[in-house]
Amino acid sequence: MKTVSWLKPGVYGAAIGAVALAVLGVSWGGWQTAGGAATRAQTASHDSVIAAMVPVCLDLAQSDPERSAKMETIRAASTYKQKDAVMSAGWATVPGAEKPDADIAKACLSALAL
């Protein structure tokens with residue numbers, strides 16, 4: 001069977017074009033792999049949960065009878081230790097959880113009026 005002379009370069013051109021389209025689509029076109037999409041969804045979900053828990057943390061801080069003493073402890077702590085002070089105050093412990101959450105403490109710290 002005879003093939004036309006332009007078929008072999010045409011097949012090579014189509015294959016190279018498909019690879020180039022895939023590379024450009026992923027790098028510049030906004031296409032995502034399944035793993036990348038799952039990672040972005042996980043991050044967005046985590047951030048939403050943390051944002052939803054900040055009012056709970058603020059409510060715990062507001063209703064704490066020792067609020068003023070704990071706020072002074074938080075203010076007196078160095079900047080990088082303030083998150084730990086919020087955690088030790090118990091305000092970053094979500095009801096039903098056994099231990100405080102560092103991400104909730106960090107978000108709650110930024111919402112507290114220091």
Side-chain angles (χ1 to χ4, degrees):
M1 178 174 171
K2 287 195 136 201
T3 58
V4 289
S5 61
W6 57 266
L7 183 62
K8 189 174 181 181
V11 170
Y12 286 150
I16 292 171
V19 169
L21 179 66
V23 168
L24 290 175
V26 170
S27 62
W28 287 347
W31 298 354
Q32 292 188 28
T33 62
T39 302
R40 291 182 122 197
Q42 183 73 22
T43 302
S45 172
H46 178 264
D47 293 346
S48 296
V49 169
I50 296 301
M53 289 294 119
V54 169
V56 174
C57 176
L58 293 176
D59 185 49
L60 288 171
Q62 198 72 317
S63 64
D64 192 349
E66 300 172 2
R67 182 181 197 280
S68 61
K70 290 179 181 179
M71 285 296 287
E72 286 303 318
T73 304
I74 293 169
R75 283 188 188 106
S78 61
T79 305
Y80 64 94
K81 292 281 188 177
Q82 285 180 341
K83 180 182 70 169
D84 295 334
V86 171
M87 291 172 63
S88 65
W91 299 341
T93 305
V94 179
E98 295 179 11
K99 59 183 184 174
D101 186 85
D103 293 331
I104 293 174
K106 184 178 177 183
C108 186
L109 182 62
S110 66
L112 284 171
L114 296 178

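Numbering starts at 1 and runs along the sequence shown.
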Closest heavy-atom contact between G90 and L60? O-CD1, 4.2 Å

Give me the atom names and distance for the closest heavy-atom approach of M87 to A105. CG-CB, 3.4 Å

Just distance, no hydrogens or angles: give the donor-acceptor pairs under 3.5 Å from side chains in residues 8-32, sequence neighbours left out.
unit_1 : atom_1 : unit_2 : atom_2 : d
S27    : OG     : V23    : O      : 2.9
Q32    : OE1    : A37    : N      : 3.3

Tell me the salt bridge (Lys or Arg N to Asp or Glu O under 4.0 Å) pairs involving residues 40-67, sequence neighbours left out? D64-K70

Heavy atoms only: give me the nearest L112-L58 pair and the separation to one decimal. CD2-CD2, 3.7 Å

Under 3.5 Å: donor-acceptor pair, side chain of T43, backbone of T39: yes

Closest approach of I104 to D101 (non-hydrogen atoms, all atoms of both residues): N-OD2, 3.0 Å

Restricting to side-chain contact (heavy atoms from CB on, under 4.5 Å), what partner residues turn up for S78, sequence neighbours left out? Y80, K81

side-chain contact (heavy atoms from CB on, under 4.5 Å) between I74 and L109, worked out: CA-CA 9 Å; I74 293 169; L109 182 62; 3.9 Å; yes

Minimum heavy-atom separation for V54 to A111, with atom names? CG1-CB, 3.8 Å

